[in-house]
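A short write-up of the structure that comes next.
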Amino acid sequence: MEYNFREIESKWKKFWAENQTFKTEDNSDKPKFYVLDMFPYPSGAGLHVGHPLGYIASDIYARYKRLTGHNVLHPMGYDSFGLPAEQYAIQTGQHPVITTEDNIARYREQLDNVGFSFDWSREVRTSSPEYYKWTQWIFAQLFDCYYDYKTNKAERISKLISTFEQDGNGNVNACADCEVIFTAEDWNTYSPKEKEDILQTYRLAFLADSWVNWCPKLGTVLANDEIINGVSERGGHPVEQKLMRQWSMRIKAYAERLLTGLDTLDWTDSVKDIQRNWIGKSTGCSLFFPLWRGNEGEEITYSQDNIEVFTTRPDTVFGVSFVVLAPEHPLVEEITTAEYKDAVEAYKKAASLKTERDRQSDVKNITGQFTGGYVLHPFTNEKVQIWIGDYVLASYGTGAVMAVPCGDQRDWDFANHFNLEIKNIFENIDISESAYAEKSGKIANSDFLSGLEIKEAMKIAIEEIEKRGLGKGKTNYRLRDAVFSRQRYWGEPFPVYYKNGIPTIIETQHLPIILPEVEKYLPTEDGEPPLGNAKTWAWDTIKNTVVSNELIDNVSVFPLELNTMPGWAGSSWYFLRYMDANNESEFVNKEKADYWKSVDLYIGGSEHATGHLLYARFWNMFLFDQGYISFPEPFQKMINQGMILGRSSFVYRTLEGNTIVTASKKNEYNTIPLHVDISLVDNDKLNIEGFKQWRSDYADAEFILEDDGTYVCGFEVEKMSKSKFNVQTPDELVEKFGADTLRMYEMFLGPIEQAKPWDTKGINGVSNFLRKFWRLFHQGADYAFEITESEPTKDALKTLHKTIQKVTADLERFSFNTGVSNFMIACNELSDQKCNNRQILSDLVVLLSPYAPHICEELWMKLGNEAGSINKATYPKFNEAYLVSDSFSYPISFNGKVRIKVDLPSSMNAKEIEDHVMGMAELNKYLEGKQPKKLIVVPGRIVNIVV
RNA sequence: GCCCAGGUGGCGGAAUUGGUAGACGCGCUGGAUUCAAAAUCCAGUUCCGCGAGGAGUGUGGGUUCGAUUCCCACCCUGGGUACCA
């Protein structure tokens with residue numbers, strides 16, 4: 001039989017499903033291995049060829065690990081809460097549950113088409129109540145914990161309360177926004193509401209007022225990238241900054257551990273660096289500049305004594321020549337003198353009109369305004385001017401900087417622009433043209449710091465600042481706490497009700513709190529989130545169930561939270577659920593989590609570096625702190641697959657009319673490019689009749705063709721998208737070439753981590769390879785299965801073992817593209833050798849099975865093995881003895897350029913080789929009568945003659 | 001600006017420690033087979049040159065017997081980030 005991929009592939013897909021071939025047990029004598037893909041959001045568009053790239057790679061690796069004796073966990077699921085289903089519901093009224101189910105069914109069909117070895121018995125869906133019950137539970141745990149810097153982990157809030165009751169909060173060292181210091185006596189007099197307000201400033205999941213991008217027209221908060229030019233991306237409605245009471249996550253508490261934990265992970269430097277930058281640690285100190293209170297007899301009083309600045313360069317404190325506040329700084333109004341009032345007001349107004357984006361992009365334009373106020377230099381007591389300038393941000397540090405023009409370019413520019421003093425405190429450094437920002441060299445003109453190396457001076461300066469009580473060593477992080485509320489319908493409801501304004505958690509045994517039915521998915525008319533439309537959305541604390549809103553009496557029935565959780569809630573712990581996907585009493589059984597531990601190989605896109613990958617680490621660390629799991633980091637090794645780009649095709653239409661010009665002649669006319677559907681283009685040649693049908697408005701168009709009478713399209717590589725008509729679905733290719741070919745071709749395209757254009761041109765090559773591979777087992781015109789049982793030849797053994805060695809090494813370093821090449825080489829060599837030896841081919845089938853599982857399963861059975869058992873086969877063992885050859889073809893190079901080759905016995909040592917080479921007559925041609933200066937022999941590699 | 005990754009034929013890419021640059025595949029050229037096509041098979045294919053030969057891994061320098069690989073400077077592409085004090 002000729003290679004019939006359709007028959008073979010549908011047969012084995014059915015077999016694997018019926019026999020649950022890839023179901024994984026949670027206990028085994030074998031070592032465990034956890035291979036995970038980033039689970040997809042099931043969008044309506046279905047999969048395109050870019051999506052399965054990572055899944056194919058992880059599937060190959062999972063199958064390889066099974067063959068090498070591992071118990072492999074390789075699950076799949078759906079991140080099924082999300083905006084598109086909700087928007088579809090708003091437009092059509094169809095419940096997101098239905099949209100989501102339909103999309104998942106389509107995804108499943110597409111995934112099954114490719115022949116993945118997922119254990120579907122562990123499938124998770126973040127939108128199913130059985131799953132989000134535990135998302136709600138984790139939220140409740142976070143609510144019930146705070147971060148203690150003394151133990152450096154999350155602790156129960158009850159511990160904090162007992163500390164408050166005994167000692168107040170004076171000695172508490174926790175990550176908190178609490179601004180008051182209170183004693184035990186104070187605490188005990190507080191009302192329940194006052195106590196809870198304080199606790200909220202400590203909890204890891206907490207309510208706080210935060211500034212959000214609010215779009216009144218859409219009734220929702222928008223993320224920064226949902227806003228284009230100050231208006232909403234969707235609809236183009238105005239967006240304003242609004243202070244809203246929102247749930248947040250105190251991820252800041254974990255900033256340091258999220259940073260240091262990176263050192264233990266086997267991730268690419270680029271993703272680690274993205275996270276490092278995002279966390280943005282900077283160390284330095286805070287420093288207080290006392291406010292100058294005016295001349296004797298005319299003292300001014302201020303609401304505070306000092307302006308606090310944060311600096312990373314305390315060593316340059318003697319170079320301070322002015323202080324700059326953010327225009328929004330709360331002290332600006334007080335310190336501004338009558339003389340400068342109008343100018344300051346005007347400046348503040350101008351700054352407030354600029355959007356954050358304008359302020360950031362307009363870097364070259366230096367603006368600022370003197371306030372008339374002064375501070376005193378903390379060491380020299382000199383009067384220092386206070387300016388405001390919008391290069392200082394209210395949201396970072398203390399919203400105030402000490403300006404050291406000689407050491408910071410922005411300060412230098414500012415001083416230069418406004419003619420302010422530029423003191424030089426660096427030894428032998430010229431600062432007349434620009435600031436000196438290097439952290440090496442010596443400090444000068446700086447009292448007790450003079451003569452010190454900069455790094456040493458930093459240390460001494462902080463010590464001295466602390467000793468004199470002028471400030472404190474301090475570490476700042478750029479990382480912000482994460483807003484956790486969304487004004488959406490299609491997300492996890494919070495397990496929270498409001499008992500007379502106090503947020504109260506619903507106990508675990510009453511979870512899940514199921515998303516209520518609503519008539520409309522839009523915000524309510526008075527601006528409440530969509531859940532405000534629900535009629536049955538109140539919590540009965542006696543029956544412990546959700547009841548009608550009409551029953552709310554604020555005695556035993558209370559209103560429920562109307563916001564839902566963000567998309568990242570469910571995806572921050574799904575990798576744990578796979579270990580125990582159907583557990584009804586725990587989010588994951590501890591024993592099972594202890595067996596599977598962290599993910600050994602995680603494959604997914606690097607675009608999640610500052611989102612999912614950070615939040616998942618945060619939640620995992622928290623669950624670790626609380627002893628629910630025993631590993632602090634969730635993903636040990638990660639590979640980031642590159643994006644597959646589409647290859648768009650273009651036709652060129654003349655500006656004035658109905659003429660379509662071929663690519664090579666487009667410049668002779670005045671043309672514009674038009675995207676054309678890639679299904680109408682084969683090898684850049686346009687199917688003209690198809691094009692006329694596709695675009696009926698061009699049915700009568702005139703075509704200007706190439707000289708050979710064809711129409712050649714232009715192309716461009718861009719993102720795959722429907723609107724560019726360059727989407728290639730895996731289904732079409734599976735139909736045309738088979739899943740095994742698609743799998744191998746996607747791998748063959750190039751290194752997994754690299755972005756690369758999709759191009760089907762080369763797929764024939766892989767398809768040919770599989771047919772050729774099939775022919776190794778099938779002889780003659782009628783493709784009869786025929787295998788010899790004899791001893792394999794030396795050449796065949798050499799080919800086999802070379803292939804084992806290379807293919808295995810390729811897998812270990814995730815070089816799938818060279819793996820495919822090596823299979824091609826093996827197949828070519830064995831074809832040339834006319835090898836159809838059982839021993840050789842059996843091993844080769846096992847080797848190839850991770851890449852092309854269907855064809856290998858079929859051949860494995862034909863070789864007489866039990867049906868569907870190739871995943872239990874033994875991985876072939878490499879034996880170096882078969883690779884040893886008795887001669888080597890030495891390249892002889894002259895000054896590094898290879899000129900001659902000579903076959904010499906492998907046993908020859910360097911001296912023997914040298915003697916033999918020096919005796920060769922061919923050398924004369926290249927020596928041109930001269931004597932060689934030097935001769936280098938690297939046995940087994942090369943001979944180089946220096947002339 | 002700063003940080004990270006990368007730059008090799010007509011195209012995708014290979015070269016694990018400094019040792020034969022261009023594996024493998026596509027495409028292209030020629031041939032065999034065929035009534036014809038598909039499929040298959042054979043030969044060729046970095047560039048310049050009829051050839052001997054010369055040049056060649058973004059550019060310029062360096063180290064070395066020998067550099068795609070190491071060092072320095074620069075250019076370009078992609079990603080991240082940004083008046084972060």
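A note on names: the letters A, B, ... follow the listed sequences, proteins ahead of strands, and every chain is numbered from 1. Hydrogens, waters and symmetry mates play no part in the numbers below; they use all other heavy atoms, side chains included.
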Among pairs that include at least one residue of residues 740-749 of chain A, which meet salt bridge (Lys or Arg N to Asp or Glu O under 4.0 Å), considering only residues two or more places apart or in two chains?
-> A:Asp59-A:Arg743

Of all pairs that satisfy salt bridge (Lys or Arg N to Asp or Glu O under 4.0 Å), the ones with a partner from residues 307-318 of chain A, not counting sequence neighbours | A:Glu308-A:Lys474, A:Arg313-A:Asp315

Should the pair [X]-[Y] be classified as a salt bridge under the 4.0 Å nitrogen-to-oxygen rule?
X: A:Glu829; Y: A:Lys798; answer: no
X: A:Arg6; Y: A:Glu735; answer: yes
X: A:Asp810; Y: A:Lys806; answer: no
X: A:Arg276; Y: A:Asp273; answer: yes

Within the 3.5 Å criterion, strictly below it, is a donor on [X] or [Y] matched to an acceptor on the partner's side chain?
X: A:Lys802; Y: A:Asn822; value: no
X: A:Asp408; Y: A:Tyr436; value: no
X: A:Ser282; Y: A:Asn476; value: no

If we take the C1' atom in both B:rC26 and B:rU59, what is their distance in whole Å?
-> 30 Å

So, is A:Asn764 near the phosphate of B:rA39, with a side-chain N or O under 4.0 Å from OP1 or OP2?
-> no

If only side-chain N and O atoms of A:Asn640 are considered, is one of them under 4.0 Å from the OP1 or OP2 phosphate oxygen of B:rG79?
-> no

5′-ward residue of the pair A:Asp269/A:Lys806 relative to RNA chain B | A:Asp269

Please answer whether the main-chain N or O of A:Glu421 pairs with a side-chain N or O of A:Ser321 as donor and acceptor at a distance below 3.5 Å.
-> yes

Hey, what are the protein-to-nucleotides 7-12 of chain B N/O distances that come in under 3.5 Å?
residue, atom, partner, partner atom, Å
B:rG12, O2', A:Leu749, O, 2.4

Mind checking whether A:Asn764 and A:Phe737 have side chains closer than 4.5 Å, heavy atoms only?
-> yes

Ordered by number, residues from residues 398-412 of chain A within less than 4.0 Å of RNA chain B (heavy atoms) are A:Val401, A:Arg410

Identify whether any heavy atom of A:Arg276 sits under 4.0 Å from a base atom; if not, whether one sits that close to sugar-phosphate; answer base, sugar-phosphate or nothing.
-> nothing

Tabulate atom names and distances for all N/O pairs under 3.5 angstrom spanning the protein and nucleotides 17-22 of chain B.
residue, atom, partner, partner atom, Å
B:rU17, O4, A:Arg941, NH2, 3.4
B:rU20, O2, A:Lys901, NZ, 2.6

Near-ring test A:Phe322/A:Phe414, centroid separation under 6.0 angstrom = yes

Hey, do the aromatic rings of A:Tyr783 and A:Trp774 have their centres closer than 6.0 Å?
-> no

Please, what dot-bracket string fits RNA chain B when only Watson-Crick and G-U pairs with both distances under 3.5 Å count, crossing ones use [ ] and pairs to another strand use |?
-> (((((((..(((......[....)))((((((.......))))))(((....)))..(((((..]....))))))))))))....

Starting at CH2 of A:Trp278 and ending at P of B:rG80, how long is that distance when rounded to a whole Å?
-> 11 Å

